[in-house]
Amino acid sequence: MTTHDPLHDPILSGDRRALARAITLVESTRPDHQERAAALLDGLRDTGREALRIGLSGTPGVGKSTFVEAFGLMLTGQGKRVAVLAVDPSSARTGGSILGDKTRMEHLSRDANAFIRPSPAASHLGGVARRSREAVALCEAAGFDIVLIETVGVGQSETMVAQISDLFVLLLAPAGGDELQGVKRGIMEIADLILVNKADGDLKATATRTVADYAGALRLLRKRPNDPEGFPRAMAVSALESSGLADAWEQMQTLATWRRDNGHWATCRAEQAAHWFREEVRAGLLARLDTPEMRADMTRLARDVAEGRRAARAAARDLLDDLGI
């Protein structure tokens, strides 16, 4: 008889405190915690529960937290259970993080149908913490209907979030036509929905023009096989006034339903699972190389390369040959 982790049953019953403890466990770097987290995740693998995973990115100051709170409250008002995984920027020097998203979402954080978990981005590419995908899996097992993954929004590396999302939403601010040049083509190509926020007051007309600019830009991109007619698309919303949010949610549901019905949903999730398996193998190999002897060899060879005595590729090949790789 298999013995489950003490957190297993509380998570399945939707206990938010147990969920928080489990996410802390998967984020831990302690070997015993990592081993326990892997066993817990494996035990929760066959729950049959599936949430709609929505990745949300955008430049700092665009109003992501305001949008997430307004959008989340609209969804919980419809009886949905919403989890928010907010990845905060970290200091490159200390690894510290302010983790202020929960304080910025004051009303949503008090909602019984919502769960907000800020996590430090640490040094991981694109601000998506390495264990975010495992936190998503835990939220699904806990019975949440929608998981919002709000990322730092620091540039093209934000495309990493697409590997843990079913839908990718890019949040932008109203601006002149020149602003379009500042948006990376790579992030535009993976966006399923572009929402121009702050479409209220004096900025409403500007937001409408910005939507038209982005809609035109989206038409120039190559058609993707996993999109129905009319997607990706750009829309105007106001998180402050909660306008346009219902329309945006309707479009998200339309796209998700079409992808399910046409087989793209399952294919995408399978590809994502395979991608993260390969990432885990790479991370595991690197972790096994992190020994005092290996660090000494790397330091010695790095010094040789820096001083011009060895070529980088030849030095790396020697190191790998010594390992039998």
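If you're wondering where the values come from, they're calculated on a predicted model, not measured in any experiment.
- Under the 4.0 Å criterion applied to side-chain N and carboxylate O atoms, Arg309 and Asp304 are assigned as salt-bridge partners.
- Both tests pass for Arg260 against the ring of Trp265: distance under 6.0 Å to the centre and angle within 45° of the axis.
- Under the salt bridge (charged side-chain N to carboxylate O under 4.0 Å, His left out) rule, Asp227 has a single partner from Arg222, Arg233, Arg259, which is Arg259.
- At a threshold of 4.5 Å between non-hydrogen side-chain atoms, the residues Ile54 and Ser165 do not count as touching.
- Looking at Asp32 and Arg30, a side-chain N of the basic residue comes within less than 4.0 Å of a carboxylate O on the acidic one, giving a salt bridge.
- No donor-acceptor pair under 3.5 Å is formed between the side chain of Trp258 and the backbone N or O of His264.
- In this structure the side chain of Leu138 reaches within 4.5 angstrom of the side chain of Leu41, judged on heavy atoms.
- The existence of a salt bridge linking Glu140 and Arg53 is confirmed by a sub-4.0 Å separation between a basic side-chain nitrogen and an acidic carboxylate oxygen.
- When the shell of 6.0 Å around CD of Glu307 is examined, it contains more than 12 heavy atoms from other residues, nucleotides or ligands.
- Within the 4.5 Å cutoff, the side chain of Cys139 has heavy atoms near those of the Leu19 side chain.
- Taking all atoms of both residues into account, the shortest heavy-atom contact from Ile146 to Ala51 is N-CB, 4.2 Å.
- Two residues are said to be in side-chain contact when any heavy atoms from C-beta on lie closer than 4.5 Å; Leu25 and Gln34 fail this criterion.
- Enclosure of atom CZ in Arg313 is not indicated, since only 12 or fewer non-hydrogen atoms of other residues, nucleotides or ligands lie within 6.0 angstrom.
- Within the 4.5 Å cutoff, side-chain heavy atoms of Leu108 are placed close to those of Val84.
- In summary, Asp192 and Arg224 engage in a salt bridge, as defined by a charged side-chain N under 4.0 Å from a carboxylate O.
- Of the charged side-chain nitrogens involved, none lies within less than 4.0 Å of a carboxylate oxygen, so that Glu69 and Lys64 do not count as a salt-bridged pair.
- Ring orientation note: the planes of Phe71 and Trp249 are nearly perpendicular, at an angle over 60° on the 30°/60° scale.
- The cationic atom of Arg81 (NZ for Lys, CZ for Arg) lies less than 6.0 Å from the six-membered ring centre of Phe144 and within 45° of the ring axis.
- Side-chain contact between Tyr214 and Leu170: absent, with no pair of heavy atoms (C-beta onward) separated by less than 4.5 Å.
- No side-chain N or O of Thr76 forms a donor-acceptor pair with one of Asn113 less than 3.5 Å apart.
- Taking the side chain as every heavy atom from C-beta outward, Val211 and Met235 never approach each other to under 4.5 Å.
- For the pair Thr210/Thr208, no side-chain contact is recorded, criterion being any heavy-atom separation below 4.5 Å from C-beta on.
- The neighbour count for Asp261 CG, taken as heavy atoms of other residues, nucleotides or ligands under 6.0 Å away, is above 12.
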Working note: Thr66 + Met105, criterion side-chain contact (heavy atoms from CB on, under 4.5 Å); need CA distance, chi angles, decisive distance, verdict. CA-CA 7 Å; Thr66 306; Met105 302 178 198; over 6 Å; no

